[in-house]
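Here is the naming used below: chain letters follow the sequence lines, and residue numbers restart at 1 for every chain.
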Amino acid sequence: MELYKTNQLKIYNSLSKSKEIFKPIVEGNVGMYVCGPTVYSNVHLGNVRTFMSFDLVFRYLKQLGFKVRYVRNITDAGHLENDADEGEDRIAKKARIEKIEPMEVVQRYTVDFHETLQKINNLPPSIEPTATGHIVEQIEIIKDILAKGMAYEVNGSVYFDVLKYNETEHYGILSGRNIEDSVHNTRELDGQSEKKNPQDFALWKRAEEKHIMRWPSPWGEGFPGWHLECTAMSTKYLGETFDIHGGGMDLKFPHHECEIAQSKVKNKVNPVNYWMHANMLILNGQKMAKSTGNYILPNEIFTGENKILSKAFSPSATRFFMMQAHYRSVLDFSNDALEAAENGYMKLMEALNNLENIEVGKVSSINIGEWKKRCYDAMNDDFNSPVLIANLFEAVKYVNLLLEKKETISAADLEELKNTMNTFVYDVLGLQNNSEENACDKLNGVVEMLIKMRKEARDNRDWALSDKIRDELAVLGIQLKDGKEGTTFSVN
RNA sequence: GGCGUUUUGGCCGAGUGGCUAGGCAGAGGUCUGCAAAACCUCGUACAGCGGUUCGAAUCCGCUAGACGCCUCCA
């Protein structure tokens with residue numbers, strides 16, 4: 001029987017601002033859409049955190065037995081940079097600077113994005129559609145919204161009429177705003193004279209002469225507006241109403257608010273049942289962002305090539321660091337925090353390796369079933385990975401006590417412990433075991449030989465030689481551990 | 001200025017109206033030829049001031065700080 005039938009998953013819904021019991025539209029199936037990256041530069045660690053948060057959601061839904069269609073777009077048509085740059089989107093701008101074809105920029109950074117997510121062990125989504133591949137769908141939606149009188153055309157551009165929409169619907173329902181407030185508080189910017197109101201957002205923008213990315217439309221040559229692509233792609237692949245829509249907290253307004261408005265006009269239904277927002281990664285007390293230069297790239301962490309880092313950290317240690325925080329909490333990035341996470345991560349991996357060395361007994365002195373339930377309870381409570389990890393460390397303690405024979409475990413319980421730990425560590429959290437990568441058979445053989453030689457030296461009370469072997473191996477990052485049952489080692 | 005979130009022990013980070021989060025770092029102990037590892041024990045917490053309550057770090061109010069959004073942004 002599928003686990004979702006016995007596990008009651010609760011998800012914090014940004015729309016209701018409360019945890020709700022998750023009930024998919026079609027039993028056993030989940031449709032999930034997550035706003036993907038704009039591929040005009042390398043993804044930074046803050047971007048990665050969001051995608052990792054939803055990777056956790058994706059993985060756990062699958063673990064519960066749901067059949068998940070996970071759609072995450074690639075924004076390759078670019079967003080408008082600001083109104084002063086009217087007609088010029090980010091990707092076109094970058095292309096001009098580098099004197100290359102826009103789609104070459106898109107290709108380069110899409111590849112970088114995929115490589116980075118693969119290193120950090122994110123699962124690929126089920127469908128990864130591109131904005132440029134869905135121009136036709138976007139044009140159709142605009143025509144529909146125009147026909148319904150909720151948009152207007154000016155000089156080859158089409159804008160969504162927010163004030164008119166707000167007469168019958170609540171623009172601001174997701175972000176907790178009232179349009180009346182923002183009417184009084186929105187700063188007037190230049191170049192907005194086309195719009196009836198500053199709150200109106202573009203559905204279609206007329207392309208200036210020099211604009212590189214352009215498509216024909218009923219309103220002339222141009223390109224789609226900021227928020228339309230997600231509406232087009234999510235509803236195309238998941239339906240007019242689907243289960244989960246995710247994205248970074250910073251997209252809640254205006255991006256997701258606009259998506260709701262567009263969908264409601266076009267389909268007359270709420271597009272999303274559960275809105276999920278992942279919180280920001282903080283560096284130097286501020287949100288990581290390309291625009292401010294306050295960011296760190298994933299590769300800089302993996303190579304250690306950044307002045308705030310004392311050394312390189314593996315993708316898994318980095319992933320573990322992020323999983324130790326809840327996805328809805330702000331997380332502070334620092335070298336100290338990463339180091340602490342790395343130490344904890346290695347301790348966890350050590351215990352996983354040691355699972356193989358445990359001897360079974362007739363009865364169990366620890367309650368594995370109860371422990372397993374606590375693991376699921378943690379994840380059922382809005383994907384609470386930090387509490388899950390606390391429970392995994394509880395299991396680390398079990399493993400060590402079992403090795404010392406201070407506790408006993410039955411064969412069936414040991415199997416349960418192994419399966420559950422593997423499931424949560426590898427399948428749900430998506431961590432990888434680095435020690436397996438580092439230690440190959442030849443190395444194992446050499447170290448075992450040295451351990452044997454050291455034992456002979458110790459038996460002869462030749463402490464100088466035995467310590468020399470131990471210390472020199474330590475310098476190489478190989479740590480020897482003398483236990484009651486003999487010496488073991490770990491590779492750092 | 002508006003809307004929202006947040007403030008936990010040396011550090012990172014959970015959580016709850018009364019019952020140990022966890023990790024890292026630190027102290028003492030067991031073990032050990034010594035060390036490391038492991039295990040056991042321990043410490044200083046819930047920004048400040050009021051209120052509700054038998055009881056609040058947990059609910060409410062005020063004050064102070066921080067962050068996010070209000071413009072592209074994960």
Side-chain angles (χ1 to χ4, degrees), chain A residues 14 17 34-38 40 43-54 75 78-85 89-90 172 175-178 180-182 184-187 189 192 198-199 226 246-255 257 277-282 285-292 320-321 324-326 328-334 336-345 347-348 350-351 354 378 381 384-394 396-397 399-401 403-404 406 458 461-463 466-467 470-471 474 479-484 487-490:
Chain A
S14 300
K17 296 182 175 55
V34 172
C35 294
T38 305
Y40 67 93
V43 285
H44 63 250
L45 200 64
N47 303 123
V48 168
R49 184 188 180 203
T50 295
F51 299 126
M52 199 183 286
S53 294
F54 289 106
T75 298
H79 287 183
L80 283 176
E81 194 161 50
N82 57 49
D83 288 63
D85 265 353
D89 73 41
R90 289 198 151 198
S175 53
R177 285 155 208 268
N178 288 312
E180 293 79 13
D181 296 339
S182 50
H184 295 112
N185 286 302
T186 302
R187 286 164 285 172
L189 297 170
Q192 288 188 328
Q199 288 75 25
W226 311 267
M249 200 74 100
D250 49 355
L251 295 185
K252 200 191 265 187
F253 187 91
H255 183 59
E257 205 71 73
H277 290 96
N279 220 321
M280 301 288 106
L281 186 63
I282 300 287
Q286 310 254 240
K287 170 185 161 184
M288 268 192 207
K290 266 282 151 50
S291 54
T292 58
F320 185 77
F321 161 72
Q324 274 191 306
H326 187 90
R328 280 192 290 115
S329 297
V330 166
L331 175 63
D332 268 297
F333 182 88
S334 72
D336 287 353
L338 246 192
E339 270 187 4
E342 184 185 49
N343 287 337
Y345 161 71
K347 193 170 153 184
L348 181 61
E350 187 77 22
N354 278 334
D381 184 16
N384 198 327
S385 56
V387 169
L388 169 65
I389 288 173
N391 283 311
L392 292 176
F393 277 109
E394 187 72 16
V396 169
K397 191 174 271 189
V399 169
N400 289 324
L401 288 169
L403 282 175
E404 295 195 356
K406 287 178 179 167
R458 293 178 76 199
R461 306 185 74 78
D462 184 353
W463 310 129
S466 94
D467 288 355
R470 182 179 69 200
D471 296 343
Q479 188 184 45
L480 297 189
K481 297 166 187 177
D482 295 330
K484 282 215 167 66
T487 302
T488 58
F489 74 97
S490 64

**OP:** Give the rounded distance in Å between these two atoms: CG of A:L331 and C1' of B:rG23.
**Re:** 14 Å
Subject >> Nucleotide B:rC3, atom P - distance to CE of A:M249 in whole Å >> reply: 18 Å
Original post:
Hey, does A:N384 reach any base, or is it just sugar-phosphate, or nothing, if we go heavy atoms under 4.0 Å?
Top reply: sugar-phosphate
Original post:
Within the structure, does a side-chain N or O atom of A:Q479 lie under 4.0 Å from either OP1 or OP2 of B:rA35?
Top reply: no
Original post:
Looking at A:N400, does any N or O in its side chain come under 4.0 Å of the phosphate oxygens OP1/OP2 on B:rC39?
Top reply: yes
Subject >> Interatomic distance where NZ belongs to A:K347 and P belongs to B:rG22 [whole Å] >> reply: 11 Å
**OP:** For nucleotides B:rA74 and B:rC39, find the distance between their P atoms and express it as a whole number of Å.
**Re:** 42 Å
Subject >> Inter-nucleotide P distance (B:rA47, B:rG10), Å rounded >> reply: 13 Å
Original post:
Rounding to a whole Å, what distance do you find between A:K287:NZ and B:rA66:C1'?
Top reply: 16 Å
**OP:** Looking at every strand, decide which applies to A:R458 at a 4.0 Å heavy-atom threshold: base, sugar-phosphate, or nothing.
**Re:** base
Original post:
Touch check for A:N343, heavy atoms < 4.0 angstrom, all strands: base, sugar-phosphate only, or nothing?
Top reply: sugar-phosphate
**OP:** State the pairing partner of B:rG4; accept Watson-Crick or G-U wobble contacts with both distances under 3.5 Å, and report none otherwise.
**Re:** B:rC67
Subject >> Pairwise C1' distance for B:rC46 and B:rA57, with rounding to whole Å >> reply: 4 Å
Subject >> Rounded interatomic separation in angstrom, taking CZ from A:F333 and C1' from B:rC11 >> reply: 15 Å
**OP:** Grab the CG-P distance between A:L281 and B:rC12 for me, whole Å please.
**Re:** 14 Å
Original post:
Is any N or O donor-acceptor pair between the side chain of A:R177 and the base of B:rC69 shorter than 3.5 Å?
Top reply: yes
**OP:** Check whether any side-chain nitrogen or oxygen of A:Q324 sits under 4.0 Å from OP1 or OP2 of B:rG22, and answer yes or no.
**Re:** no
Subject >> Plane angle bin for A:F393 and A:F320 - parallel if under 30°, tilted between 30 and 60°, otherwise perpendicular >> reply: perpendicular
**OP:** Calculate the interatomic distance between A:F321 atom CZ and B:rC12 atom P; express it in whole Å.
**Re:** 10 Å
Subject >> Donor-acceptor pair under 3.5 Å, A:R470 side chain vs B:rA35 base >> reply: yes
**OP:** Determine: side-chain N/O of A:S329 to OP1/OP2 of B:rU6, distance under 4.0 Å, yes or no.
**Re:** no
**OP:** Measure distances between side-chain N and O atoms of A:D467 and base N and O atoms of B:rG33, and say whether any donor-acceptor pair falls under 3.5 Å.
**Re:** yes
**OP:** Using the P atom on both, measure B:rC60 against B:rG18 and round to a whole Å.
**Re:** 15 Å
**OP:** For A:Q286, answer base if it contacts any base atom (sugar-phosphate contacts may also be present), sugar-phosphate if it contacts only those atoms, and nothing otherwise; contact means non-hydrogen atoms under 4.0 Å.
**Re:** sugar-phosphate
Original post:
Over how many whole Å does the gap from A:Y345 atom OH to B:rC24 atom C1' extend?
Top reply: 17 Å
Subject >> Under 4.0 angstrom between A:K481 side-chain N/O and B:rA35 OP1 or OP2 >> reply: no
Original post:
Contact class for A:A278 vs. all strands (heavy atom < 4.0 Å): base, sugar-phosphate, or nothing?
Top reply: nothing
Original post:
Is there a donor on the side chain of A:S466 or the base of B:rG33 sitting less than 3.5 Å from an acceptor on the other?
Top reply: yes
Original post:
Under a 3.5 Å cut-off for both distances, is B:rC59 Watson-Crick or wobble paired, and to whom?
Top reply: B:rG51
Original post:
Between A:T38 and B:rA74, does any side-chain N or O lie under 4.0 Å from OP1 or OP2?
Top reply: yes
